[in-house]
Number of protein chains: 4
Amino acid sequence: MGAVKTKRMPRAVREQQMLDAAVRTFGRRGYMAASMDEIAELAGVSKPLVYLYLNSKEDLFTACIRREAAALTAAVRAGVRPGLPADRQLWDGLRAFFTHTSHYPDAWSVLHLQARTHGEPFASEVAAMRAEIVAFVTQLILVAAREAHRDPDLPASEVAGVAEALVGAAESLADWANAGPEVTARQAAATLMNVAWAGLGNLMAGSRWTPPEAAH
Amino acid sequence: MGAVKTKRMPRAVREQQMLDAAVRTFGRRGYMAASMDEIAELAGVSKPLVYLYLNSKEDLFTACIRREAAALTAAVRAGVRPGLPADRQLWDGLRAFFTHTSHYPDAWSVLHLQARTHGEPFASEVAAMRAEIVAFVTQLILVAAREAHRDPDLPASEVAGVAEALVGAAESLADWANAGPEVTARQAAATLMNVAWAGLGNLMAGSRWTPPEAAH
Amino acid sequence: MGAVKTKRMPRAVREQQMLDAAVRTFGRRGYMAASMDEIAELAGVSKPLVYLYLNSKEDLFTACIRREAAALTAAVRAGVRPGLPADRQLWDGLRAFFTHTSHYPDAWSVLHLQARTHGEPFASEVAAMRAEIVAFVTQLILVAAREAHRDPDLPASEVAGVAEALVGAAESLADWANAGPEVTARQAAATLMNVAWAGLGNLMAGSRWTPPEAAH
Amino acid sequence: MGAVKTKRMPRAVREQQMLDAAVRTFGRRGYMAASMDEIAELAGVSKPLVYLYLNSKEDLFTACIRREAAALTAAVRAGVRPGLPADRQLWDGLRAFFTHTSHYPDAWSVLHLQARTHGEPFASEVAAMRAEIVAFVTQLILVAAREAHRDPDLPASEVAGVAEALVGAAESLADWANAGPEVTARQAAATLMNVAWAGLGNLMAGSRWTPPEAAH
DNA sequence: AATGAATGAGCATTCATTCAT
DNA sequence: CATGAATGAATGCTCATTCAT
């Protein structure tokens, strides 16, 4: 168990081994319960080497977040083709997202659970990634409106809220799909598309749900 | 700092003070970073008394989860009137939910972040509450279908996925609304109703979004 | 489990209940591992009452030692008839001793193990009892010598050593007999009589084992 | 106070220092009253190092018992010459035993008092050593019988009881000799030889002490 | 490039003991 | 006669981090 203890590797390689071990350990045990001892052992190196390369537990965790955030956004971007219609882009992006989160559950735990749970500086690190995704979805909504030849009469703030809701729903479905093998990435994406696309269509058609007058 | 140090309180009262302090501390620092020392001091009692009444850190955290889960579901239930149409019930439930989470952000952090992040036995404790809410939303969807005189041709498994997505979206919007004072509970509820209700309507009308053929 | 919780008992009775509980708890858990909580609960009273009557854990333990030491020496004395020949007295005393220790194993644990293991002031408390027994055995040896019409040419210091050895052997056999049900008090007494009486007889006859000259 | 604080010792050396400190502390304070803090300080190291090398208080105490049990049996074995007559072997063994116990009183306290008083897993650890010694004495008795050209008509169970009694007497005399400087190892051994050897001789000659008929 | 040796600081938990009624 | 409420002081144990080589 743990990486084979090969000696004298170049620094870059060793660092990736350490990050692999760290993501796995942080993802499974949680940030606080993960011990540097366990990470070092899993990486097949001594603890001082981990400190030499990555400075501290905090820095190590931050490095994990950054690496995995970049990997996730890269996966989503790689799944999407800019020229296609907006719904197709959304569909492709969701599939890439769910595929990635189900392939790397430890990384997803780090990003979605651990980083958000343990305050600064981790929360803002992952918030940056999330903002990027929300912005992407927001763009897609606006593009969709244009494609439907409608001026989005949605105020910008409301579009942001809608994007936020969609991303939240996607995150939730990722956990849901990860919980058991019955739900595939494709099914999760289809479920979300059904709710979202229809809802967005109506929304852009101007038919909103109107809240009742605030009583007393 | 901390509660006023009143002496010789009956046990039931002290226990609530301890739970108040614990929810606040767990919600802000996180389960692991919270120290029993800090909780005891915030509650205005000595550590041994906390142990005498609540046994262990684990039991204390579990008691927090149970109390706050009960409070949240009670708040939602209290906000909903069973006789009204399904959309109105959903709207009222969402408003009650967002109002409660914004009033008690520490409790929301305990339920949504801390309990889920720190494994068993906490995760299943809060999962029970969540399952209850998902079941409630699922019922509402089916009721809405009946009200629209449509047999929901949605398979049960798909309804479950939709409910999961809506609850996830709501959770996300609760965090979003809590992050700053610009978004009110009412606005969060309206945003979600817009996406959800329209989407559900289309869905029940049988117009689903169809994924493209799987390319290979 | 524990004494029936009858209220308002006279002090003397309550004290005995407490001592019963204490002997049992100290004997089984050991002095340090026994908690005042457990003793109070087993005695069916509240902790402050234990303190009111017996002052402290140390005093409580001392009281246990005294009571049980008195009970043990009383039992031995009651088993012996002063007029009889010395060997018969020794035999009767040993039988009384082994019978008592096997009837009250917790008390024996308190006297033989716990009190000796936990230093002053307990060790000297039980040492007093032991000294009394050693003195009794010493007397018996001298009486036996007189009965055999021999001036014991044993120096007093050597008689003391012999008595010490016999008492140690008896203590050891008490543990041995308590360890399993195969050995009865009668058998333990017979075994010791066989070693001791023959040895003493030879000793008094002047035939001692002579150590070799101290070599180099 | 405590060992000289020399830095950076190899592990094996440090471990012995820790065991030295632990035997001394456990022997004087008792197992429960001894604190890991005190042991670490006496060993001239920090507490975490003690835990790193010896895992837990329980393991540390067990390691003490094992080391000292091995040392004591080794000392006895080293004092005995297999070829010599049985009485000479017994004499030499006893002298070695009393010499060792008086040289290492803390170790003797650990083995004879502390380990037996604090239950499993310690009791059985030291019981193994004791069984070894009892077996050795039993052998010696049988050899002595052969040397006297007598079939020991003692049943095996009775020989076991006799050996048990002798070992118990020896243990008691060790405490007695340790209590003050007036009694030397040589005197303790002589005292026990006098009781034992004469007693054994008579026993093997078939002249046993017969208990009176059981009355009523 | 890599590690064996070592620690300061903190944490959950327990216990003997007391006060106010 | 009796107790519910409360605590000061330890104790076993763990962890992130560093130093000397």
Side-chain angles (χ1 to χ4, degrees), chain A residues 5-11 13-14 32-40 44-60, chain B residues 5-11 13-15 32-40 44-60, chain C residues 5-11 13-14 32-40 44-53 55-60, chain D residues 5-11 13-14 32-40 44-60:
Chain A
K5 206 167 183 173
T6 322
K7 301 256 171 171
R8 302 263 152 192
M9 320 263 301
R11 170 161 182 161
V13 177
R14 274 279 193 248
M32 303 235 52
S35 83
M36 296 297 274
D37 269 292
E38 187 178 357
I39 293 171
V45 294
S46 70
K47 242 185 319 175
L49 200 59
V50 179
Y51 279 89
L52 185 62
Y53 286 177
L54 287 143
N55 288 318
S56 68
K57 196 185 189 183
E58 194 173 310
D59 283 6
L60 174 56
Chain B
K5 206 166 184 174
T6 319
K7 296 258 173 167
R8 302 263 150 190
M9 320 264 300
R11 174 166 180 158
V13 176
R14 273 280 192 252
E15 274 188 12
M32 304 230 59
S35 86
M36 294 298 273
D37 269 295
E38 188 180 356
I39 292 171
V45 293
S46 69
K47 237 187 323 176
L49 201 60
V50 179
Y51 278 90
L52 186 61
Y53 287 174
L54 287 145
N55 289 319
S56 68
K57 196 183 189 184
E58 192 174 313
D59 283 8
L60 174 57
Chain C
K5 205 167 186 174
T6 321
K7 300 257 170 167
R8 303 261 153 193
M9 319 260 305
R11 170 160 182 162
V13 178
R14 275 279 194 247
M32 303 235 55
S35 82
M36 295 297 273
D37 269 293
E38 187 178 358
I39 293 171
V45 293
S46 70
K47 244 187 316 177
L49 199 60
V50 179
Y51 278 88
L52 185 62
Y53 285 176
N55 288 318
S56 70
K57 194 184 190 185
E58 194 173 311
D59 283 6
L60 173 57
Chain D
K5 205 164 182 175
T6 321
K7 298 259 174 165
R8 302 264 148 189
M9 322 263 301
R11 172 167 181 158
V13 177
R14 273 281 191 249
M32 303 230 58
S35 85
M36 296 297 274
D37 270 295
E38 187 179 356
I39 292 171
V45 294
S46 68
K47 234 186 328 174
L49 200 60
V50 179
Y51 278 90
L52 186 62
Y53 287 174
L54 287 144
N55 289 320
S56 67
K57 195 182 189 185
E58 191 173 313
D59 282 7
L60 174 56

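Since we're looking at a predicted model, the values are computed, not measured. The chains referred to below are lettered A, B, ... by the order of the sequence lines, with proteins before strands, and numbering in each begins at 1.
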> Can you check the D:M9 CE to E:dT7 P distance for me, whole Å?
Replying inline: 12 Å

> Any side-chain heavy atom of D:M9 within less than 4.5 Å of one from D:V45?
Replying inline: no

>> Is there a side-chain contact between A:R14 and the phosphate of E:dA2, meaning an N or O under 4.0 Å from OP1 or OP2?
In response: yes

> Sequence neighbours excluded, which residues qualify as side-chain contact (heavy atoms from CB on, under 4.5 Å) partners of D:N55?
Replying inline: D:D59

> Looking across every strand, which nucleic acid part, if any, lies under 4.0 Å from B:R11 by heavy atom: base, sugar-phosphate, or nothing?
Replying inline: sugar-phosphate

> Over how many whole Å does the gap from A:Y53 atom OH to F:dA16 atom C1' extend?
Replying inline: 20 Å

> With sequence neighbours excluded, what pairs up with A:D37 under the side-chain hydrogen bond (donor to acceptor under 3.5 Å, both in side chains) test?
Replying inline: A:K47

>> Rounded to whole Å, please give me the gap between CD in B:E15 and P in F:dA6.
In response: 11 Å

>> Between B:I39 and B:K57, is there a side-chain heavy-atom distance shorter than 4.5 Å?
In response: no

> Between C:L52 (CG) and F:dT3 (C1'), how many Å, whole number?
Replying inline: 11 Å

>> Treating primed atoms plus P, OP1 and OP2 as sugar-phosphate and everything else as base, which nucleotides of nucleotides 16-21 of chain E get B, S or - for protein heavy atoms under 4.0 Å?
In response: SBBBS-

>> Show me the dot-bracket string of DNA chain E, counting Watson-Crick or G-U pairs under 3.5 Å, with | for pairs to another strand and [ ] for crossing ones.
In response: .||||||||||||||||||||

>> Nearest to the side chain of C:L49, heavy atoms from C-beta on, is which of E:dT7, F:dT3, E:dA2?
In response: F:dT3

> Sequence neighbours excluded, which residues qualify as side-chain contact (heavy atoms from CB on, under 4.5 Å) partners of C:Y53?
Replying inline: C:R11, C:R14, C:E15, C:M18, C:L49

> Can you name the closest pair of heavy atoms from D:A40 and D:S46 and give their distance?
Replying inline: CB-C, 4.0 Å

> Which whole-number value in Å describes the distance from A:E38 CD to F:dC15 P?
Replying inline: 9 Å

> Closest approach of D:M36 and D:S56, non-hydrogen atoms and distance?
Replying inline: CE-C, 4.2 Å

